[in-house]
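These notes are about the structure you will find just below.
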Amino acid sequence: MHEATKAPKISFYDYIVIGGDPAGIPLATTLSENYSVLLLERGGSPYGNPNITRSSNFGSYLSDTSPNSPSQQFISEGVVNARARVLDGGTSINAGFYSRGEQKFNKEARLTNDSLIRECYEWIEKVMVYKPTLNKWELALKAALVEAGVKPDNGFSLDHIIGTKVGGSIFDENGTRHTAADLLQYANPKDLSVLLHATVGKILFKIKGKSRPLAYGVMFEDSFGNKHKAYLKGSKKDEIILSAGALGSPQLLVLSGIGPKEQLRAHKIKVVLEQPFVGKGMADNPLNSIFIPSPVAVKTAIVHLVGITQFGSYIEDAYQGFSPQIMTNSELKSRKTNSICHKTPGSCVSKTKFGDIGLIYLRCLQLGGFILEKVNGPLSKGELRIKNRNPTDNPSVAFNYFKEPEDLNKCVNGIRTVLKAVDSKAFSNYKYANMTSKDILDLNMKLPMNLRVHGNTSSSLEQYCKDTVRTIWHYHGGCHIGKVVDHEYKVLGVDALRVIDGSTLLNSPGTNPQASVLMLGRYMGVTILGQRLAS
């Protein structure tokens, strides 16, 4: 890896991959086995940053809004979102849960070679994936989900199967994160160049004398603002491949002149190809969480467990041993409750009714954990539009959370299942006996889940889902297969350009898409390599 400031002004490669995301890294690594590859990443390296590499620091970067943060914040419909800005994308900033996608994903993604799919997953898992050890809180929740009807207990599995299971983790037994960048150990170092802080402004096309626009190079800037150009060597098989993610790839297509005509005209971008479907079909699986205060200490951990329901809701453990720090010490002191925080949780509880717990209770308790509920799919879709011609700025994105009634119904059933699990015998040690489901929901309504304006009590499960919706960072769409790219991920209407990443997905695969997107990158790398070597 090198800073883009060290790159030559002009360079030539067989393949240029834009974006070091979970698909881009295995793709570039695979292609480097036989051909020269340039991998351009707009962010920095994940290595050496303990906020990224240590599980104990998970999420600390989400509030970092500095230009060098590995997380670039944006807001959609009152929901605070985060877009990865670091080599290996989401695998550097996610909660680490690893689970393979379902068979439906393979069909939608047009991946027909089952043995290659399996080999690609195993290629990734040898480097990145570990079997976690559950703590007592997680074991209790696991049994509680089964008791609540999320059956059977499937134990540990990397496969997507109905029931409750323990999945893989990209955090090892020492709490160290292993990201997609670790897959670079497979690369041919002589033929793979990785440039950091290389921001691609546009893809270059030859149009004159061509029946179809031909991608032949890219223009990018380094961290000093110096411009560089990288070109394909000129073989008919050379290609530029976009792997900039669900936000980056459609954004860059529009900036390069491929997209809806009204957007191109509005921003005075030369039309290379009118493509009305670029940026359409954007989706983010809605997430709703419930914080459960615990009367006993809970060991810190992040997602290891999932309940995959029959009705399309996924229930996961998260952030145990954690309590939202809502009130400041001065606020507590002003309410004359600061002394309570030095007493036992039991004494704190005895001084208040659960209906009036509020935020003081959470500050005092400092015990408990979140349970997450994610809607699969989803059916609700939105749109991405560029706001300006600056590639470093976020585009405008609408996901239309819960626009489709079926998504809302799945959330309601999921929240109902979570509450049933919390009220189970298996989970009884980690829940206050006199705390009702309404107490729990009302308590969570007071937490800053998003920027939406709503009341402090829950009127219904439907309203709870809408009022407390959050992101799970599983963005997809914008370059849908069959609309923007064909079944080989070639951009329709142009030559020598593909998009291979989450922007092509019709639905988010599995409980967490990272395994499937990593596999997609390796699968297409092997496929492209095989086709080229055979020709």
Side-chain angles (χ1 to χ4, degrees), residues 21-24 26-27 89-90 97-121 124 158-162 167 241-250 253 275 277-286 306 308-314 374-384 399-400 403-404 406-407 410 472-492 498-528:
D21 87 333
L27 173 66
F97 191 72
Y98 181 97
S99 184
R100 298 175 180 179
E102 63 271 49
Q103 186 62 34
K104 175 187 175 183
F105 163 71
N106 299 334
K107 292 180 180 178
E108 290 180 348
R110 310 297 198 273
L111 309 182
T112 58
N113 188 331
D114 289 340
S115 62
L116 179 57
I117 291 172
R118 184 178 62 257
E119 290 170 9
C120 291
Y121 275 128
I124 293 155
L158 295 180
D159 293 325
H160 186 89
I161 42 181
I162 297 294
I241 305 174
L242 262 174
S243 293
L247 274 66
S249 288
L253 282 180
Q275 176 36 287
F277 297 112
V278 173
K280 300 296 194 297
M282 293 296 301
D284 177 25
N285 302 77
V306 64
I308 301 174
T309 69
Q310 296 276 5
F311 51 81
S313 173
Y314 305 145
K374 167 191 169 179
V375 171
N376 72 357
L379 294 177
S380 304
K381 309 290 184 183
E383 181 180 2
L384 176 150
F399 295 117
N400 292 330
K403 180 180 180 181
E404 297 296 330
E406 187 172 332
D407 290 337
K410 289 177 182 178
I472 198 167
W473 310 297
H474 296 171
Y475 321 124
H476 54 284
C479 296
H480 275 165
I481 193 167
K483 296 285 189 180
V484 177
V485 299
D486 65 15
H487 68 284
E488 292 187 317
Y489 297 85
K490 296 178 179 179
V491 176
L492 296 167
R498 301 193 203 216
V499 180
I500 302 175
D501 60 21
S503 69
T504 65
L505 306 184
L506 304 178
N507 296 282
S508 181
T511 54
N512 186 302
Q514 71 171 344
S516 301
V517 176
L518 286 160
M519 181 274 290
L520 174 65
R522 171 64 174 175
Y523 184 103
M524 289 308 301
V526 172
T527 301
I528 293 169

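Computed from heavy atoms alone, side chains included, the values below leave out hydrogens, waters and symmetry copies. This structure is a prediction, so every number in the text was calculated from the model and none was measured.
- With contacts defined as side-chain heavy-atom distances shorter than 4.5 Å, the pair Met519/Leu111 qualifies.
- Residue Tyr98 holds its OH atom at 5.0 Å from CD1 of Ile124, rounded to the nearest 0.5 Å.
- Listed here is the closest heavy atom pair of Gly377 and His476: O-NE2, 3.3 Å.
- The closest donor-acceptor contact from the side chain of Gln275 to the backbone of Lys483 lies under 3.5 Å.
- Judged as a side-chain hydrogen bond (donor to acceptor under 3.5 Å, both in side chains), and not counting sequence neighbours, the contacts of Ser503 are Asp501.
- Closest heavy-atom contact between Gly478 and Val484: O-CG2, 4.1 Å.
- Nearest heavy-atom pair across Leu253 and Cys479 is CD1-SG, 3.7 Å.
- Remark: Asn113 engages Ser115 in a side-chain hydrogen bond (donor to acceptor under 3.5 Å, both in side chains) (not counting sequence neighbours).
- Counting only residues at least two apart or on different chains, no salt bridge (charged side-chain N to carboxylate O under 4.0 Å, His left out) pair has a member in residues 502-521.
- A distance-only check finds a donor-acceptor pair linking the side chain of Asn285 to the backbone of Val375 [under 3.5 Å].
- A distance-only check finds no donor-acceptor pair linking the side chain of Glu383 to the backbone of Lys280 [under 3.5 Å].
- Taking every heavy atom of both residues into account, Pro250 and Gly245 meet most closely at CD-O, 3.7 Å.
- Remark: Asp159 engages Arg100 in a salt bridge (Lys or Arg N to Asp or Glu O under 4.0 Å) (not counting sequence neighbours).
- Annotation: side-chain hydrogen bond (donor to acceptor under 3.5 Å, both in side chains) contacts of Arg498 (sequence neighbours excluded): Glu239.
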Using side chain to side chain contact (heavy atoms under 4.5 Å, CB included), reason through Met282 and Leu247 one step at a time and then give a plain yes or no. CA-CA 9 Å; Met282 293 296 301; Leu247 274 66; 4.2 Å; yes

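- Rounding to the nearest 0.5 angstrom, the gap separating the CG atom in Asn400 from the CG atom in Asp284 is 11.5 Å.
- Between the CD atom in Glu102 and the CD1 atom in Ile161 there is a gap of 12.5 Å [rounded to 0.5 Å].
- For Thr511, the side-chain contact (heavy atoms from CB on, under 4.5 Å) partners two or more places apart in sequence, or in a different chain, are Phe97, Ser99, His160, Val306, Ile308, Tyr314, Glu316.
- Residues that satisfy the side-chain hydrogen bond (donor to acceptor under 3.5 Å, both in side chains) test with Glu108, not counting sequence neighbours, are Asn507.
- The ring pair (Phe, Tyr, Trp, His ring centres under 6.0 Å) test applied to His480 returns no partner, not counting sequence neighbours.
- Closest approach of Ser249 to Ala244, counting heavy atoms only: OG-N, 3.1 Å.
- To the nearest 0.5 Å, the span separating CG on Leu520 from CG on Leu27 amounts to 8.5 Å.
- The side-chain contact (heavy atoms from CB on, under 4.5 Å) test applied to Ser516 returns Phe105, Tyr121, Pro509, not counting sequence neighbours.
- Remark: Ile481 engages Arg110, Val485, Tyr489, Leu506 in a side-chain contact (heavy atoms from CB on, under 4.5 Å) (not counting sequence neighbours).
- In this structure, CG on Leu379 lies 5.0 Å from NZ on Lys410, to the nearest 0.5 angstrom.
- One distance of note links CG of Leu518 with CG of Asp21; it measures 8.5 Å at 0.5 Å rounding.
- Of the candidates Val499, Leu242, Val278, Val491 forms a side chain to side chain contact (heavy atoms under 4.5 Å, CB included) with just one, namely Val499.
- For Lys381, the salt bridge (Lys or Arg N to Asp or Glu O under 4.0 Å) test picks out no residue, with sequence neighbours left out.
- Judged as a ring pair (Phe, Tyr, Trp, His ring centres under 6.0 Å), and not counting sequence neighbours, the contacts of Tyr475 are Phe74, Phe399.
- Heavy-atom neighbours of Gln103 CD from other residues, nucleotides or ligands within 6.0 Å: above the threshold of 12.
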Go through the steps to decide whether Ile500 and Ile528 satisfy the test side chain to side chain contact (heavy atoms under 4.5 Å, CB included), and finish with yes or no. CA-CA 12 Å; Ile500 302 175; Ile528 293 169; 4.1 Å; yes

